[in-house]
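Data block below; observations after.
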Amino acid sequence: MTNTCIMISIVVYLLMVLGIGVWYSNKNKTTDDFYLGGRKLGPFVTAMSAEASDMSSWLLMGLPGVAYLSGLAEASWTAIGLAAGTYLNWLIVAKRIRRYSQKCGANTIPAFFSARFRDSSKILSIIAALVIIVFFVPYTASGFVACGKLFNSLFGINYMTAMLICAAVIVAYTMLGGFLAASTSDFVQSIVMTIALIAVLVFGITSAGGFGNVIENAKSLEGYFTVWQTHDPLTNTGSPYSILTICSLIAWGLGYFGMPHILLRFMAIEDAKKLTLSRRVATIWVVISMAVAVFIGVIGLGMVANGAMDSLGTVQSDTERIIVVIAKLISEHGVFAALMAGVILAGILAATMSTADSQLLAASSSVSQNIVKEKLAPNMSEKTTMLVARLTLIIISIIAVFLASNENSSVFRVVSFAWAGFGGAFGPTVLFSLFWKRTTKWGALAGMVVGGAMVFIWKFGIANLGGVFAIYELLPAFVAGCIAIVVVSLLTPAPEKEIIEEFEAVKAMKD
């Protein structure tokens, strides 16, 4: 009976998002509708869909799992960096890129780069499209992994079967409804995620014997309940958290400036004036939801100490199941509790799907618009372009499914690498494109290539040296990208008069 109630909640949720896709399927008349919703998003949908697509399964699986395993330090400093990055991105980037992208007629991030620098060769948009494919495919795969883990843990369903079903649903409503379906479902999913966090928080504290017990247990573990040390569950000891490590975790916030699926929300709002309201809503939700997610990890350990939950072990891919385990415990308290557990688990699906749909859309737009239409078949009709967009979405999904076949992948680690990739490749390029008029096409290209390459170089090479080099790859990649843009821009001819005039015109725009 318990599993039936849980399944009812999840099936209702999946049917709802499919219904959203069907509802919007007839509203996509052009590729601009499919990729940007005709720039008609309201402020609340813009805010919540941006943050829901940002947080992903990382919020309900990765972040609590890290906090459960090693304490407050890594999870908290990461969350602080993300909160700061969220606010600054909305504050300084949102309005400028909304105005600039409309001024130059761009409906994707790669197209914006080409239009901004009058790149007739389209080399900027092609390189940008390749960056999106390289980093979004594994990012999307991590979401599919989370879905597979969820159903495998709950119902004993074969991991591959569960993962394939969830992937099919995500692909179906995204392919049908495009950007409007993805954004509207993301808005709904943010509400489901919020309900899930609150329900788990309340039940967890109660099961752990109260708030005081949770805190006392956390304090009893060396290096656990502090942001200045980290806890080692294998030796039950603590070790100092260096300032350098803290800075590299705060650097997570730099990634926001280069996230295509978030930047697209900025570009799609119906009125730039409403971005101020969107910023406030988004920032408040992000700060509260991440704080709750981190504390759920602490609560989980309190539940183990109080005998209310079995230990999740010391492997991160296992500790990431913490909310799934708590939801199953909730389901044992009657029909209503089981239905609520289903909502909580639907929240994990929501977190995953809200990101995966946006990533699929951004990746497919990069291929169909910025590679196929712009470079290979510029005379392709609108109808054919839409068909190519949907086919591309399916192909990218298949590749992501293949990568997701490894169920032992850590959601947190995969997401962190992809996040660094976008932050390093696109972050500096977006900021300099919007705020430094001396930036040249070749400078922007150098920033993308150097920043993206440095993520791989640092992650798989330099970081292995250990010591001061063992930092999050986003920070050195972002710095290297910025340096490359400045140096190459100053070494190449200044932008043409037309480009400078457009820059000044956008800069002069007022609400």
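Sequence positions, counted from 1, serve as the residue numbers for this chain.
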Practice prompt. Mark yes when over 12 heavy atoms from residues, nucleotides or ligands other than N464 sit less than 6.0 Å from its CG; otherwise mark no.
Written response: yes
Worksheet item: Does the pair F135 and F417 meet the rule for a side-chain contact (heavy atoms from CB on, under 4.5 Å), with working shown?
Response: CA-CA 8 Å; F135 290 110; F417 180 70; 3.9 Å; yes
Practice prompt. Test L221 against N236 for side-chain contact (heavy atoms from CB on, under 4.5 Å), laying out the working first.
Written response: CA-CA 7 Å; L221 301 171; N236 201 29; 3.6 Å; yes
Worksheet entry | Pairwise distance CE(M303) to CZ(F203) - rounded to 0.5 angstrom | 5.0 Å
Worksheet item: Taking the six-membered ring for Trp, are F257 and F266 ring centroids under 6.0 Å apart?
Response: no
Fill in: Interatomic distance, M267 atom CE to T108 atom OG1 [nearest 0.5 angstrom]
6.5 Å
Fill in: Flag side-chain contact, heavy atom, 4.5 Å: V93 against L263
yes
Discussion item. Any heavy-atom pair between the side chains of V292 and I198 that's under 4.5 Å?
Written reply: no
Discussion item. What I'd like to find out is whether the side chain of W458 reaches to under 4.5 Å of the side chain of L474, using heavy atoms alone.
Written reply: no
Worksheet item: Is any side-chain heavy atom of I80 closer than 4.5 Å to a side-chain heavy atom of M290?
Response: no
Item to complete: Taking all non-hydrogen atoms of both residues into account, name the closest pair between L249 and Y241 and its distance.
Response: CD1-OH, 3.2 Å
Discussion item. Within this structure, what is the CG-CG distance for the pair L431 and N89, rounded to the nearest 0.5 Å?
Written reply: 8.0 Å
Worksheet item: With no hydrogens and no angle check, do the side chains of W77 and T245 hold a donor and an acceptor under 3.5 Å apart?
Response: no
Response to the item:
Rounded to the nearest 0.5 Å, the CD atom of E222 sits from the OG1 atom of T235 at a distance of 8.0 Å
Worksheet item: T78 versus Y472: any side-chain heavy-atom pair under 4.5 Å?
Response: no
Item to complete: Search all heavy atoms of G209 against all heavy atoms of N306 and return the closest pair with its distance.
Response: N-ND2, 3.6 Å
Item to complete: Check the pair I296 / L197 against side-chain contact (heavy atoms from CB on, under 4.5 Å), numbers first and verdict last.
Response: CA-CA 8 Å; I296 284 173; L197 285 169; 3.8 Å; yes
Discussion item. Give me the atom names and distance for the closest heavy-atom approach of V298 to A218.
Written reply: CG1-CB, 3.8 Å
Worksheet item: Closest approach of A477 and M454, non-hydrogen atoms and distance?
Response: CA-CG, 3.6 Å
Item to complete: Grab the two heavy atoms, one from A420 and one from V455, that are nearest each other, plus how far apart they are.
Response: O-CG2, 3.4 Å
Worksheet item: Do the side chain of N158 and the main chain of M160 share a donor and acceptor less than 3.5 angstrom apart?
Response: yes
Worksheet item: Which distance, rounded to the nearest 0.5 Å, do you find between the NE2 of H231 and the CG of L69?
Response: 8.0 Å
Practice prompt. Only one of W419, F426, Y87, W90 passes ring pair (Phe, Tyr, Trp, His ring centres under 6.0 Å) with Y256; say which it is.
Written response: W419
Worksheet item: Are I109 and I97 side-chain neighbours, meaning at least one heavy-atom pair lies under 4.5 Å?
Response: yes
Response to the item:
Tightest non-hydrogen contact, residues V401 and A167, listed as CG2-CB, 3.9 Å
Fill in: 4.5 Å side-chain heavy-atom contact, L329 and S207
no
Worksheet item: Around F469, counting heavy atoms of other residues, nucleotides and ligands shown, do more than 12 lie under 6.0 Å from its CZ?
Response: no
Response to the item:
Across all chains, not counting sequence neighbours, the ring-ring contact (aromatic ring centres under 6.0 Å, His included) partners of F478 are none
Fill in: Whether T319 side chain and G65 backbone form a donor-acceptor pair below 3.5 Å
yes
Item to complete: Return the set of residues passing side-chain contact (heavy atoms from CB on, under 4.5 Å) with V287 (not counting sequence neighbours), or none when no residue passes.
Response: A83, T283
Worksheet item: Any side-chain heavy atom of S289 sitting closer than 4.5 Å to one from T194?
Response: no
Discussion item. Measuring from atom CE of M309 to atom OG of S311, what distance do you get when rounded to the nearest 0.5 angstrom?
Written reply: 8.0 Å
Worksheet item: Does the side-chain contact (heavy atoms from CB on, under 4.5 Å) test come out yes or no for S278 and V281, once each step is laid out?
Response: CA-CA 5 Å; S278 296; V281 172; 5.9 Å; no
